[in-house]
Amino acid sequence: MEIDRGYLSPYFVTDQGKMVTEIDDPYILLTSEKISSISDVLPLLEQLNAVSRNIVIIAEDVEGEALATLVVNKLRGNLNVLAVKAPGFGERRKAILDDMAVLFGANVISTDIGRNLDSATLEDLGRCRRVIATKDDTAFVEGNGNPQDIEARIHQIRQQAEDTASDYDREKLEERAAKLSGGVAILKVGAATEIELREKRDRLEDALAATRAAMEEGIVPGGGTTLLRAAQATRAAIECSGDVLTGAEITFSAADAPLTLISDNAGYSGVVVLDAVRSGEGDYGFDAEKGEFGSMFDMGIVDPTKVVRSALENAASVAGMILTSESLITELNPPKLPAPYDD
């Protein structure tokens, strides 16, 4: 399950490089109350100290003395704690907390049912295998809730969505059901050395970002083919002259450059490959790794539409800025002369 709330303080971060908090096998406290005094949760923390130091607190808010005390204990290593604001507002917040309680096998501590925080025990806490939080959102992996209870809760929410007359309420109910029924994939990356591991992990993160971009706007033929086809279609349809035509031709030339550069880098003649692809149609392109021409979709060479579009828009923006400012500032790096040789 993922919620659109992140850690309340950057001091809860466990990975300073990525600014991410990761906690394994934590106990999870769910409450609809605001925690401002550490005395509210101190009895529970004392009980928890005997079994674990990992705890995630999800509350209406954690502030003042309570937040400061949790941060200090986190920095001293006494607690591996994470405080997160409960998602949603009003009645919807209470409903989401109930969803999370079912998912984690917890009890929501709320004055609405006559419970105060100082009455919470270990039996009221939920569990999950892992919690990953950034400043914007928090993901929970493998909650310890009863699968039958979770299915019953999903069925109940979907029934409410069918019965409601409000499109807004129906959308929010379906969103809650999706959060409960959605799965999480865990990708494990291994390597022989630290440098290789870092390189593989970066590749994996790039692939995930590209996949998310593809989910947003779809995919197009890769290898520079899409830009080439777009330039061909626009060149045939455009009607302009003078400086406008000059600018258009510059853009068309820039759209041909990725395919040419990919071919050159692979050891082929970029101009020859460009002419061959230009004579084709649709997703006909060039596989630089195998040195073959054919359907880019069939060969599995695709780009996210959002990436190709953004690259072209950003390039045009930079070029426009250079033209309008009529200047370009760059760093001067003179070549280093070899050290004098003493005989």
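Both backbone and side-chain heavy atoms feed into the values below; hydrogens, waters and symmetry mates do not. The shown structure was predicted, so the numbers you read here are calculated from the model rather than taken from an experiment.
Neither I35 nor L42 shares a network with the other; the hydrophobic side chains, linked directly or stepwise wherever heavy atoms of I, L, V, M, F, W or Y lie under 4.5 Å apart, form separate groups for each.
Of the charged side-chain nitrogens involved, none lies within less than 4.0 Å of a carboxylate oxygen, so that K306 and E313 do not count as a salt-bridged pair. Checked for salt-bridge contact, R130 and D25 miss the test: no charged N lies under 4.0 Å from a carboxylate O. Salt-bridge annotation for E199 and R203: present, with a side-chain N of the basic residue lying under 4.0 Å from a carboxylate O of the acidic one. Using a cutoff of 4.0 Å between basic side-chain nitrogens and carboxylate oxygens, E174 and K179 are not scored as salt-bridged. Here R229 does not pair with D283 in a salt bridge; the nearest charged N to carboxylate O distance is not below 4.0 Å. A salt bridge links E142 with R129: at least one charged nitrogen is closer than 4.0 Å to a carboxylate oxygen. Of the charged side-chain nitrogens involved, at least one lies within less than 4.0 Å of a carboxylate oxygen, so that D167 and R170 count as a salt-bridged pair.
The neighbour count for R235 CZ, taken as heavy atoms of other residues, nucleotides or ligands under 6.0 Å away, is above 12.
For the residue pair E33 and T111, a side-chain donor N or O sits within less than 3.5 Å of a side-chain acceptor on the partner.
Closest of all the heavy-atom pairs between L48 and N54 is CD2-O, 4.3 Å.
Residue I250 holds its CD1 atom at 7.5 Å from CG of L323, rounded to the nearest 0.5 Å.
Under the ring-ring contact (aromatic ring centres under 6.0 Å, His included) criterion, the residue pairs touching residues 74-111 are F104-F140, with sequence neighbours excluded.
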